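Okay, structure first, notes after.
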Amino acid sequence: MTLSKNAEKKIIKKIKRCQQIIFRETGLEFSGPPTENVIVCNAGIATGLRQEVLVDAVLRYGVSLKDVELPAGKSYCYLRFYSSQMAQAALTAMNGKAPLGQDDCVLLMAYCLKPPTTKSRDAQLCTRGLPPGLILLPDFIDEKLELELIQIIDSNDEKELEGNLKHRRVKHFGYEFLYGSNNVDKSKPLEQSIPLVCNQLWDKLQKSHPELGWHVPDQLTVNRYEPGQGIPPHVDTHSAFQDPIISLSLGADISMDFRDTKGNHLTVDLPPRSLLIMSGESRYGWTHGITPRKMDVVQMNNSLTVRKRGLRTSFTFRKLRDEPCQCQFHSLCDSYKKRCEIRSKHLRENAAKLELENVHKVYNEIAKHFSETRHSPWPRVETFLRSLPTGSVLIDIGCGNGKYLALNPQSAALGCDRSDELLKVCTGRGLNVLQCDCLALPFRSASADACICIAVIHHLATEERRRQAISEMARVLRPGGRALVYVWAKNQEANAKKSSYLRQNKHNNKPSGSEGDSPQETIPAVNYLLDSMLPIHTNRTQFQHQDLLVPWKLRNEEQEKKATFLRYYHVFEKHELDDLCRAVEGISIEESYYDQGNWCVVFRTKE
Ligand code: MN
Ligand code: ZN
């Protein structure tokens, strides 16, 4: 394709304009005669140009490319060729013609001297690190074994190797790896188990990495990737296979992409005969995949080079797993998802029973000890109470030992709680209390000026019940009445300030067990209460789950025995309490804040 004289003139004019802008920004020196450096003046990261698309287009003109650089956030980029002749060939073919710019507009190109080094180059280099837990052992096997392994596959019936995948050829040993579910059917072992020649790998690995707690694999998937073929990003199903996943690369290099759930993306080059060990975080918390393309952009001597792909064969070894996965990488964990499903079904179906067993009965058992640990009022609750006009009628819903009831003598305070033992503490102090459930308050509608409900509705087991509790508060408040609600926050470190709950951890040399709980040094494996799948929390550690059981250890002095009681909690995510209040009609949120490990809301009923 050639351009008309007129079109050519227009292009030259446009390029001049771009050059001026880029010169002002970077000081880049341009060249009239061809050089090996070319700048694309009007396309880059900022216009949505992708590196491999550009590289692919250049290589189509039969020239090879030494280096490509797309500076972050810029609408230009650099190409470096092995010679000025190659640069000239590419520029002649593409300048003003290749529609790779924004909205398919043509590329504008010019020769230049060495591009200035930019920060983005460093940024690109550091994306070459390894995800945590990933081990890459280059030259793990020699060429002889490499050939032997490739031949095992080649000697197989061609049809068999076709597998059932369109994009690449696959063969399984031990068990079939089912793409789609990334799992195996354990009930259907294959006739062919892993070739015996692979055993030497395990001896060698055992010697070089005795620290890896791995088992001899029982499942092998062989993949053959032609140039241009790839595999979508995925995680090998957590519940199906143990840690680590081990993969041997044969035949040719390839780049594998690793991505975590926070948006980090690392590219790892897998040379032939290398062994890739995905363990720990890299096995559970990162997806891996191979982008289908014909070349990879790789780092060489501190610069980026394009490497054409060859025929690559991978041997991926796995060990089947029987127990559910207990990892911390929840968003990629199928075992975690399954536990969540069982748990939420259990909560829906057994909410009232759970609250009876793991809230009401427990508070009755621990009432005395609990009351001893609850004396100082939280300052912001006190401020709310003191802000009430003289003569206000206040209801403290879930008043516990009544520590807030006598704070403002100018108001008429009435407390209520489910626990008769805690109510006994209140009556002993001469406070006005009665027994009731916060889901059905025994008060007339619009009868109170204010309500407080401190650390109560996080003991209700479903969202519907928590909302019902807010509705009840709204109902008993007069128009224009105000309520203050506190619930435990899941994130005990919100606002970067540790809550007193975490501060009481042993690390901070605070007296331990001040709440009757025993502190722990590390996060242990999670225990679950059978059937309910409710995790049992380790006290003084960050919450890992929203619905959980929190132990309360009680020392029985007479019997010198320790008893542990499990209290059910639903700990709140940020905004969750706000959302709950918004779902209740006739109230509006006046204030919403984080205080001492709690999410807090002041709401007002409409006048
Ligand atoms: Mn995989
Ligand atoms: Zn997992």
Side-chain angles (χ1 to χ4, degrees), residues 130-136 163-165 167-185 194 213-215 217-225 229-250 254-262 265-270 274-292 312-343 523-528 533 535 544-545:
L130 298 179
L134 196 84
I135 301 168
L136 183 64
N164 49 10
L165 286 177
H167 304 297
R168 50 177 206 283
R169 298 192 293 176
V170 175
K171 179 166 173 59
H172 306 282
F173 297 86
Y175 296 85
E176 184 180 354
F177 183 86
L178 304 163
Y179 289 96
S181 64
N182 294 318
N183 205 330
V184 293
D185 185 345
I194 297 179
W214 62 279
H215 299 84
D218 51 13
Q219 195 277 329
L220 163 63
T221 302
V222 179
N223 274 284
R224 184 155 286 181
Y225 296 86
Q229 293 180 327
I231 183 168
H234 68 279
V235 61
D236 291 30
T237 302
H238 287 198
S239 65
F241 310 107
Q242 298 191 7
D243 180 0
I245 307 284
I246 292 170
S247 188
L248 195 59
S249 293
L250 308 172
I254 212 156
S255 291
M256 188 174 265
D257 295 301
F258 287 84
R259 290 178 176 86
D260 72 1
T261 51
K262 291 171 233 147
H265 175 193
L266 295 173
T267 302
V268 178
D269 283 324
L270 306 178
S274 67
L275 188 71
L276 175 75
I277 304 169
M278 289 182 265
S279 73
E281 185 175 331
S282 65
R283 187 264 179 266
Y284 293 121
W286 294 64
T287 65
H288 54 275
I290 293 169
T291 309
R312 172 187 180 255
T313 305
S314 71
F315 278 55
T316 302
F317 300 95
R318 307 178 181 91
K319 169 78 181 162
L320 267 54
R321 177 213 283 278
D322 294 320
E323 298 288 302
C325 179
Q326 296 282 359
C327 77
Q328 300 291 315
F329 303 97
H330 294 163
S331 56
L332 294 174
C333 188
D334 63 310
S335 294
Y336 174 80
K337 277 181 198 131
K338 195 168 170 202
R339 283 195 295 273
C340 286
E341 277 161 28
I342 294 173
R343 188 179 311 141
I523 300 172
V526 183
N527 289 315
Y528 297 94
M533 272 298 157
Q544 306 293 321
H545 302 83

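Computed from a predicted model, the values in this text were never measured in an experiment. As the structure lists them, so they are numbered: ligands from 1, and atoms in each ligand from 1.
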*Would you kindly say whether Asn183 and Thr237 are connected by a side-chain donor-acceptor distance under 3.5 Å?*
no
*Using a distance threshold of 2.8 Å, what protein N/O/S atoms lie below it relative to the Zn ion (ligand 2)?*
His238 ND1, Cys325 SG, Cys327 SG, Cys333 SG
*When you measure from the Mn ion (ligand 1) to each N, O or S atom of His234, which atom gives the shortest distance?*
NE2
*Parallel under 30°, tilted from 30 to 60°, perpendicular over 60°: which one fits the rings of Tyr179 and His172?*
tilted
*Output every pair passing salt bridge (Lys or Arg N to Asp or Glu O under 4.0 Å) with a member in residues 315-328, not counting sequence neighbours, ordered by first then second residue.*
Asp218-Lys319, Asp236-Arg318
*To the nearest 0.5 angstrom, please state how far the CG atom of Asp257 sits from the CG atom of Leu266.*
9.5 Å
*For the Mn ion (ligand 1), which N, O or S atom of Asp236 is at the shortest distance?*
OD1
*asked:* Would you call the rings of Tyr284 and His238 parallel, tilted or perpendicular, taking 30° and 60° as the class edges?
replied: perpendicular
*Taking the inter-plane angle between the rings of His288 and Phe258 on a 0 to 90° scale, is it parallel (under 30°), tilted (30 to 60°) or perpendicular (over 60°)?*
tilted
*Positive for side-chain hydrogen bond (donor to acceptor under 3.5 Å, both in side chains) with Ser255, one of Thr267, Asp269, Thr291*: Asp269
